[in-house]
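Just so we're clear, the structure is a prediction, and the values are computed from it rather than from any experiment. Every heavy atom of this structure was used, including side-chain atoms; hydrogens, water molecules and symmetry mates were not. In the text below, chain A, chain B and the rest are named by the order of the sequence lines, each starting its count at 1.
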Amino acid sequence: MQHELLQTNLTLDEAERLQEKYRQIIKDQTGIISKSSDVKKIRWIVGVDVSYYQEKLKEYGRAAAILWDLRFNRFMTQALAKDIITFPYKTGFLGFRECKVMLEAIKKLPETPDLIMCDGHGIIHPRRFGEAVQLGLILNVPTCGIAKNPFIGSSEWKVLKRIRGNKTPILENKEVLGYAVCLNDGMKPVFISVGYKISLNVAVEIALKSSLDHRQPEPLYLADQFSKSE
DNA sequence: GCGACAG
DNA sequence: ATCTTGTCGC
């Protein structure tokens with residue numbers, strides 16, 4: 001039996017209802033990773049990304065999951081999954097397209113992730129329900145969103161000095177939805193937000209720690225490459 | 001009202 | 001996301 005958030009035959013209205021329903025359910029949850037002391041206990045992090053291709057007029061998604069050992073900051077192994085994609089692309093509903101394939105790839109990994117990084121937004125979303133939130137909820141694993149482009153909210157990211165570690169908040173009325181963060185010198189910032197059971201500060205801390213020399217954290221960079229290679 | 005809008 | 005060559009910059 002599977003989660004109703006994995007249904008792929010929903011109307012947009014039904015999908016929106018589910019987003020609102022689960023937003024309420026996970027509101028004010030406890031047991032989140034929020035302190036730097038918690039970070040020391042984190043070992044297995046996973047970066048996931050999805051690429052697309054056509055076959056017989058149908059659209060398919062290929063998800064790559066990269067298992068990364070944060071203790072030694074090194075690559076461990078990877079897994080791929082392919083699946084047909086039927087849910088249409090609509091801004092604000094990415095999770096309904098990508099969660100199922102991402103989950104299939106993650107299931108193939110030899111370790112249970114302590115944290116999953118998604119190539120997309122978390123609570124930087126009209127209903128605070130980006131795909132990182134959706135994935136974390138379905139798997140009951142901490143997640144964060146790390147997107148390459150802005151979505152909602154306003155920030156000064158365009159004038160942010162591109163120096164590793166620099167960041168500027170993404171705001172919507174007084175509410176901090178996330179941070180635009182420069183992960184390496186000279187590179188355009190990425191947009192980091194909470195997904196599930198993690199604090200914003202910890203998400204930023206781990207993204208920085210796992211960034212080597214690319215715009216994205218290495219697990220996500222590798223996931224992007226791997227998902228496109230085949 | 002119109003357009004913009006993660007991947 | 002994906003279709004695609006050259007080209008500007010370090």
Side-chain angles (χ1 to χ4, degrees), chain A residues 5-6 8 10 12 15-16 19 23 46-66 80-106 116-138 143-155 157-158 162-164 170-172 177-181 183-196 200 203 207 213-217 219-230:
Chain A
L5 283 173
L6 284 173
T8 181
L10 303 165
L12 284 186
E16 188 170 335
Q19 293 181 331
R23 176 71 263 169
V46 168
V48 276
D49 191 20
V50 180
S51 67
Y52 294 87
Y53 63 96
Q54 303 275 151
E55 198 171 288
K56 310 249 176 131
L57 263 32
K58 297 288 187 179
E59 185 177 34
Y60 285 80
R62 185 165 42 224
I66 301 296
L80 267 186
K82 302 169 192 172
D83 204 352
I84 189 165
I85 304 290
T86 55
F87 200 93
Y89 174 75
K90 294 288 182 205
T91 302
F93 297 90
L94 230 206
F96 289 94
R97 261 169 85 75
E98 305 191 327
C99 280
K100 188 159 179 283
V101 221
M102 290 196 287
L103 195 152
E104 288 164 8
I106 294 168
I116 297 170
M117 300 174 141
C118 259
D119 185 23
H121 292 289
I123 65 168
I124 298 176
H125 181 281
R127 292 170 292 284
R128 308 294 179 264
F129 210 80
E131 70 169 355
V133 177
Q134 190 163 345
L135 184 67
L137 178 50
I138 291 169
T143 60
C144 66
I146 302 188
K148 296 183 294 300
N149 289 293
F151 189 8
I152 65 164
S154 55
S155 77
W157 70 269
K158 285 184 177 172
R162 270 118 103 132
I163 296 173
R164 181 184 170 97
I170 295 159
L171 305 167
E172 187 173 86
L177 298 182
Y179 277 106
V181 186
L183 296 179
N184 271 305
D185 292 354
M187 322 221 83
K188 178 182 171 184
V190 291
F191 303 82
I192 302 181
S193 60
V194 166
Y196 192 66
L200 181 55
D213 48 19
H214 294 285
R215 184 186 167 206
Q216 298 168 285
L220 273 183
Y221 173 77
L222 293 175
D224 179 74
Q225 298 294 305
F226 190 37
S227 73
K228 291 171 180 164
S229 72
E230 191 167 281

ask   = For the pair made of CG in A/L94 and C1' in B/dG7, what is the distance, rounded to whole Å?
value = 4 Å
inquiry  = If the cut-off is 4.0 Å, is A/Y53 near the phosphate of C/dT2, judged by side-chain N/O to OP1 or OP2?
reply    = no
request  = Rounded to the nearest angstrom, tell me the gap between atom OH in A/Y60 and atom P in C/dT2.
outcome  = 17 Å
Evaluation steps, side chain to side chain contact (heavy atoms under 4.5 Å, CB included), between A/R128 and A/L177 = CA-CA 9 Å; A/R128 308 294 179 264; A/L177 298 182; 3.4 Å; yes
request  = Apply the test side chain to side chain contact (heavy atoms under 4.5 Å, CB included) to residues A/I170 and A/S193: give CA-CA distance (whole Å), side-chain angles for both, the deciding distance (0.1 Å), then the verdict.
outcome  = CA-CA 9 Å; A/I170 295 159; A/S193 60; over 6 Å; no
request  = Tell me what A/P150 touches on the nucleic acid: a base, only sugar-phosphate, or nothing, going by heavy atoms under 4.0 Å.
outcome  = sugar-phosphate
query = Going through the checks in order, is the side chain to side chain contact (heavy atoms under 4.5 Å, CB included) test met by A/L137 and A/R23?
reply = CA-CA 10 Å; A/L137 178 50; A/R23 176 71 263 169; over 6 Å; no
inquiry  = Check the phosphate of B/dG7 against A/N149, side-chain N and O only, distance under 4.0 Å to OP1 or OP2. Yes or no?
reply    = yes
request  = For A/G145, answer base if it contacts any base atom (sugar-phosphate contacts may also be present), sugar-phosphate if it contacts only those atoms, and nothing otherwise; contact means non-hydrogen atoms under 4.0 Å.
outcome  = nothing
key: Nearest to side-chain heavy atoms of A/F151, which nucleotide of B/dG7, C/dT2, B/dC5   = B/dC5
message = For a salt bridge (Lys or Arg N to Asp or Glu O under 4.0 Å) check, start with the C-alpha distance between A/K90 and A/E16, then their side-chain angles and the critical distance, and finish with the verdict.
response = CA-CA 11 Å; A/K90 294 288 182 205; A/E16 188 170 335; over 6 Å; no
inquiry  = In whole Å, I'd like the distance from the NZ atom of A/K228 to the P atom of C/dT4.
reply    = 15 Å
key: For atom CZ of A/F191 and atom C1' of B/dG7, their distance in whole Å   = 14 Å
inquiry  = I need the CG-C1' distance between A/D185 and C/dC10, as an integer number of Å.
reply    = 15 Å
ask   = Within the structure, does a side-chain N or O atom of A/K90 lie under 4.0 Å from either OP1 or OP2 of B/dA6?
value = no
query = Rounded to whole angstroms, how far apart are CZ on A/F129 and P on B/dC5?
reply = 24 Å
message = Under 4.0 Å, counting only non-hydrogen atoms across every strand here, what does A/F93 touch: a base, just sugar-phosphate, or nothing?
response = base
request  = Give the rounded distance in Å between these two atoms: CE of A/M187 and P of C/dG9.
outcome  = 17 Å
request  = Would you mind classifying the nucleic acid contact of A/E131 as base, sugar-phosphate or nothing, using non-hydrogen atoms under 4.0 angstrom?
outcome  = base
inquiry  = Regarding A/E98 and A/Y52, do their side chains bring together a donor and an acceptor under 3.5 Å, going by distance alone?
reply    = yes
key: pi-stack flag for A/Y89 and B/dG7, centroid dist under 5.5 Å, interplanar under 30°   = yes
message = I need the NZ-C1' distance between A/K100 and B/dG7, as an integer number of Å.
response = 18 Å
